[in-house]
Each structure stands twice: as structure tokens, then as C-alpha cells.
S.K.: 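Before we start, here is the structure in question, set down as C-alpha cells.
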Amino acid sequence: MAAGKSEDIALAVSTVIFALHAEAPQARPSLHLPLVRRIREPFAGRWALPGGPLLPQEGLSAAAARNLQQTTGLRPGYLEQLYAFGDPDRSPSAGRMVSVVYWALVHADAVTDTSSDENVRWFAADDLPSLAFDHNLIVEYALWRLRNKMEYSRIAHAMLGETFTLSELRQVYEAVLRKPLDPANFRRQVEASGALVATDSVVTGGRHRPPRLYRYNDAVDMTDNGPLTDIPQHPPPHGAGSADLPDPTDPTPLNDPTDRSDL
């Protein structure tokens, strides 16, 4: 491969997808993510992040949403560009590969609803096997981003239903931040933030006082993209184009077009 020639550098897009999942009926939920098994070299048989190629007339976020739908059947409620991974030796025997990586959040039901086979499986985010390429590093960085962003943004919305209890919302924060939160303090903080709106509905069927259901305040954006106001918080429908704009706080990200996984 001739050094310095742009045509020798491949470009792809992949995604780290997070959802809450309880592995037993009474267990507390934890972060999980889907991986796909590579069926060819390099790293044949190893698990990897889902991804695929960037099409010539396709925006980056549209490619991330399309590849995610094709490899796992998932449509994320939140999608954001993470980083560009392009070290020269990250793809042994496969040539120079630059991967634009996105991270996404989906509802907990996605874990059970996702069609899975021997080549697609959900794993606990904090207990991953040795992944192909540099994907362990990518997941670690995505977890760091998610845990930092949870402190000041409202992206937990994407991991819940349209309405939810404060206990369910607190479980999201506890699972992401990996620490227990005082229920009374948590209630005071989220109610004072103005991000939630109490509905007239409650959860029925329990033996105790039924908890009230809340929803997010639609007048408040989940995140602040600064001057780049055209970035969609929800990915475009499958097949739709996009004028994909980058996150103003981060470098650009990228990934590989081999079978159902990406670099």
C-alpha cells in the first residue's frame, strides 16, 4: 500500500449502543450493549461493534442509523458522534481503516426485542470479552462519555418509555453512574431542574401507594449542541439522507465495512 494516498484509506461507521437490562427478575438493571461476531479475518470469530461502510451519498449519522438497523434491527432514541479512531495499525492485514464511531441509547425492551442469533448477542458493558480491533477501548471511551454526560444532560429519556416513575429514572442514573443515589435527594434535584412534568397517571396494581408517572418537558432540549442546531437527536428514517454535522466538542469518528461488524 502506497503511503499517503487517500484512496488507500478505507472509511466506515460503527456504533456503541447502550440499553438497561436486568439479567434476573429481581436483579437491578445494568448497562448492556449488542455485539456481532466477525465471520472473516482479521479477528474471525471475535465479537465486535456493529457497523458498516459509508455510502458515497450518505451523511455520517444516516450511515450509523442505517448500519445499526441492518446489523441489529435497532432504531436508537439518541444518537451522537463519539470519536474518530484511525491509528495506522488498528486493522492488521486489512489495510488502513478509519472508523467514525457513534454512541446510541435505546429502550430496555430492545434487549429482549432485538432479533438475535449466534452472531448477535447482548453483553454487560462492564464485563466484555476481548473484542476485535480496538473495540474494547472504544466501548471504554463511550462509557466514559455517557457517564460524564449523565451528570448534566437529559439523555436518560432515551432509555425510558414516554412516561416513567422517578424510581425508574433513578435506576437509569444508578446503572450508568454505578453508584446508589438517595431517593429523597434525587427526587428534589430532578423536580427542581424543571426537566420533568408530572402527569395525572399513576402505576396501578401494587400493594403500596401508587407512584406517579412523569414525562420529560418537551420544551427543554435533551442536550445542548451549541451553534449546531440542525443535529438530529433522533436518527432519520431508514434510507433518508442527512446533512450530518459534527459534535462541536469532539473530533470526527469512523469504522470498517466487513460483514456485520465494523472497525
S.K.: Could you list the residues that satisfy side chain to side chain donor-acceptor pair (under 3.5 Å) with Asp87, not counting sequence neighbours?
M.R.: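 Counting only residues at least two positions away or on another chain, Asp87 forms no side chain to side chain donor-acceptor pair (under 3.5 Å).
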S.K.: Quick check on the 6.0 Å ring-centre criterion: do Tyr141 and Trp103 meet it?
M.R.: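 Distance test on ring centres: not under 6.0 Å, no.
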S.K.: Please enumerate all residues that pass side chain to side chain donor-acceptor pair (under 3.5 Å) together with Arg178, with sequence neighbours excluded.
M.R.: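 If we apply the side chain to side chain donor-acceptor pair (under 3.5 Å) test to Arg178, skipping adjacent residues, there are no hits.
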S.K.: So, are Glu58 and Arg66 salt-bridged, with charged N and O less than 4.0 Å apart?
M.R.: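 Judged by the 4.0 Å cut-off on N to carboxylate O distance, Glu58 and Arg66 do form a salt bridge.
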S.K.: About how many Å separate CG of Leu31 and CG of Leu177, when rounded to the nearest 0.5 Å?
M.R.: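 Reported value, rounded in 0.5 Å steps: 9.5 Å.
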S.K.: With rounding to the nearest 0.5 Å, note down the distance linking CZ in Arg37 to CD1 in Ile39.
M.R.: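 Here the rounded value is 11.0 Å.
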S.K.: Only counting residues at least two apart or in another chain, list the ones meeting side chain to side chain donor-acceptor pair (under 3.5 Å) with Arg215.
M.R.: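 Not a single residue meets the side chain to side chain donor-acceptor pair (under 3.5 Å) criterion with Arg215.
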S.K.: I need the minimum non-hydrogen distance between Pro50 and Pro34, along with the two atoms involved.
M.R.: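 Minimum heavy-atom separation between Pro50 and Pro34: CD-O, 3.6 Å.
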S.K.: With the 4.5 Å side-chain cut-off for hydrophobic clustering, are Leu166 and Val202 part of the same group?
M.R.: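 They do not share one cluster, since no chain of ILVMFWY contacts under 4.5 Å joins Leu166 to Val202.
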S.K.: List the residues meeting ring-ring contact (aromatic ring centres under 6.0 Å, His included) with Phe43, not counting sequence neighbours, and say none if there are none.
M.R.: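 Here the qualifying residues are Phe133.
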S.K.: How would you list, by chain and number, every residue that makes a side chain to side chain donor-acceptor pair (under 3.5 Å) with Glu191, sequence neighbours excluded?
M.R.: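 Listed in chain order: Arg187, Tyr214.
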S.K.: What pairs of residues pass the side chain to side chain donor-acceptor pair (under 3.5 Å) test when at least one of them lies in residues 192-203, not counting sequence neighbours?
M.R.: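 Found none.
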